[in-house]
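In what follows, a structure is listed as structure tokens, so that the remarks can point back to it.
Naming: A, B, ... by sequence-line order, numbering from 1 per chain.
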Protein chains: 2
Amino acid sequence: MASRQDLLDTLAQVGKALGSGHRLALLERLAQSEASVETLANNTELTVGNASAHLQHLRRAGLVTATRSGKQVIYRLTDERIVTLMTLLREVAETNLAEMERLISQLFGSDDPGGSLEAVSRDDLLAGLREGSVALLDVRPQEEYQAGHLPDAINIPLDELETMLDALPRDREIVAYCRGPYCVMSHEAVERLRKLGFRVRRFDEGFPEWKAAGLPVH
Amino acid sequence: MASRQDLLDTLAQVGKALGSGHRLALLERLAQSEASVETLANNTELTVGNASAHLQHLRRAGLVTATRSGKQVIYRLTDERIVTLMTLLREVAETNLAEMERLISQLFGSDDPGGSLEAVSRDDLLAGLREGSVALLDVRPQEEYQAGHLPDAINIPLDELETMLDALPRDREIVAYCRGPYCVMSHEAVERLRKLGFRVRRFDEGFPEWKAAGLPVH
DNA sequence: CAAACATTCTATTGTTTATTAGAATAATGG
DNA sequence: CCATTATTCTAATAAACAATAGAATGTTTG
């Protein structure tokens with residue numbers, strides 16, 4: 001006979017799956033787009049065997065699904081709610097763990113912890129887009145941009161930023177975004193573009209959060 | 001220098017804390033009301049030492065806080081969001097893990113998996129309360145009722161159900177609730193009251209979910 | 001200040017988990 | 001059907017975690 005504790009133990013499987021930095025890295029990568037084991041291994045600096053083991057752990061916990069496509073096995077998140085779950089996990093951690101704040105300010109520069117002071121919120125961005133007063137810049141690699149991006153966003157991967165300045169407007173504010181709150185690419189882009197005289201701020205979320213909120217993507 | 005992986009590893013601390021059935025049981029208990037280590041140990045069938053160790057794990061993860069009150073140390077959830085986090089975890093698990101469904105139908109009786117067919121949703125309950133067409137019955141122990149309950153709910157702990165039938169109306173539908181989705185007390189109460197001729201259904205959530213949703217409590 | 005009590009810490013044991021390297025499996029393209 | 005390539009499985013080792021009993025700590029109450 002099943003007991004309440006059996007249920008909680010099964011629930012704990014899902015918690016356990018979230019209890020490893022490597023698995024969270026895999027989930028964050030999968031929030032950008034589905035991908036093969038090899039791609040995921042490269043993106044997270046894991047060996048292929050190890051990545052495969054972690055992905056199976058995630059699959060047993062119901063967080064990802066796998067389908068074979070030719071020679072490759074493609075993994076994807078089972079659900080948009082996984083992104084919501086990770087966002088909530090992040091918010092709880094940021095509110096309650098001093099360690100998180102310390103790491104965030106180290107990673108993003110201590111003058112402006114988290115870059116939150118000058119970041120654009122979702123509501124602000126939506127208002128700006130409605131008015132036509134901002135241009136959206138996606139600084140992720142082309143591959144991830146193609147798998148899905150915010151409406152009307154221009155894609156200039158960070159590597160190629162300085163070679164494609166012509167594509168950027170000088171008469172409107174630019175809002176740059178990337179993979180999500182822990183991704184440094186948009187910070188970097190803002191810094192470099194400001195030195196070149198552009199009016200630019202960063203979006204305080206990333207593509208996965210936008211999509212999970214049910215907002216339109218292209 | 002801090003790296004993105006350090007952030008994810010710290011986040012994983014929170015995930016890890018959710019990765020044990022015993023810790024989830026402690027969190028569920030704390031969602032009802034704050035409590036001392038001894039109370040928590042008794043409620044979850046852990047030894048005091050073991051409960052203390054798990055509680056410290058939860059505290060390091062920022063999910064609970066501890067304050068001393070006289071001889072006792074009282075633990076409580078840091079945040080209403082912890083309840084939301086557990087609800088989301090549960091929803092993801094129920095959607096994606098076949099094992100969960102199996103256990104739920106075993107625990108709650110297989111005719112009506114989860115009791116969901118005949119359960120009252122939050123919206124239905126709110127409508128019924130507005131109209132005055134339902135009476136609310138809280139079947140949790142008195143202690144938990146006193147720490148907080150739904151507005152105008154009558155408290156009859158499950159043990160004393162048959163001795164306090166006079167307090168229950170026969171001209172209105174009764175809606176029974178207890179600790180939450182995995183708590184069998186309201187199922188049990190509905191079953192027993194129906195045999196006695198009452199018109200009664202159960203609420204498909206519990207006190208913690210109601211409170212976390214920002215609805216009024218007494 | 002000392003007795004009583006609740007809680008936490010320590011040390012130990014056994015179990016689970018992560019990682020690596022290398023073998024086995026499965027699917028495609030010639 | 002064989003060679004190639006991607007992925008998973010296997011085995012071994014090292015590290016992390018859970019549980020228990022008993023000692024130590026800290027607070028209250030007389």
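Using the six-membered ring where Trp is involved, His149(B) and His218(B) have ring planes that are perpendicular, over 60° apart on the 30 and 60° scheme.
Side-chain N/O atoms of Lys16(B) include one lying less than 4.0 angstrom from OP1 or OP2 on dC17(D). OP1 and OP2 of dC17(D) both lie 4.0 Å or more from every side-chain N or O belonging to His57(B). Using a 4.0 Å cut-off, some side-chain N or O of Ser52(B) falls inside it from OP1 or OP2 of dT8(C). Between Arg68(B) and dT28(D), a side-chain N or O to OP1/OP2 separation shorter than 4.0 Å is absent. Put simply, Tyr75(A) has no side-chain N or O that comes within less than 4.0 Å of OP1 or OP2 on dA6(D). For dT17(C), the OP1/OP2 oxygens have no side-chain nitrogen or oxygen of His54(A) closer than 4.0 Å.
A donor-acceptor contact shorter than 3.5 Å links the side chain of Thr10(B) to the backbone of Asp6(B). In this structure, the side chain of Arg23(B) engages the main chain of Ala17(B) through a donor-acceptor pair within 3.5 Å.
Residue Glu38(B) has its side chain nearest to dA6(C) when only dT8(C), dA6(C), dT8(D) are considered. When each of dA18(D), dA6(C), dT7(D) is scored by its nearest atom to the side-chain atoms of Arg23(B), the top-ranked nucleotide is dA18(D). Distances were taken from every side-chain heavy atom of Asn50(A) (C-beta onward) to each of dA18(D), dT20(C), dT7(D); the shortest belongs to dT20(C). Nearest nucleotide to the side chain of Lys71(A), out of dA6(C), dA6(D), dA18(C): dA6(D).
As rounded to whole Å, 15 Å separates atom C1' of dC9(C) from atom CG of Leu55(B). The interatomic distance linking Leu40(A) (CG) with dA6(D) (C1') rounds to 13 Å, in whole Å. In this structure, the CD atom of Gln5(B) is 14 Å from the C1' atom of dA18(C), given to the nearest Å. Protein atom CD of Gln72(A) is 15 Å distant from nucleotide atom C1' of dT8(D), rounded to whole Å. Rounded to an integer number of Å, the gap from Arg60(B) CZ to dT8(C) C1' is 12 Å. Rounded to an integer number of Å, the gap from Leu58(A) CG to dT7(D) P is 16 Å. The distance between atom CD1 of Ile74(A) and atom C1' of dA6(D), rounded to the nearest whole Å, is 11 Å. Put simply, CD on Gln56(A) is 14 Å from C1' on dA18(C), counting in whole angstrom units.
A salt bridge does not link Arg179(B) with Glu28(B): none of the charged nitrogens is closer than 4.0 Å to a carboxylate oxygen.
Looking only at side-chain heavy atoms (C-beta outward), Leu85(A) and Leu85(B) come within less than 4.5 Å of each other.
With DNA chain C read from its 5' end, the first of the two nearest nucleotides for Gly70(A) and Gly19(A) is the one closest to Gly19(A).
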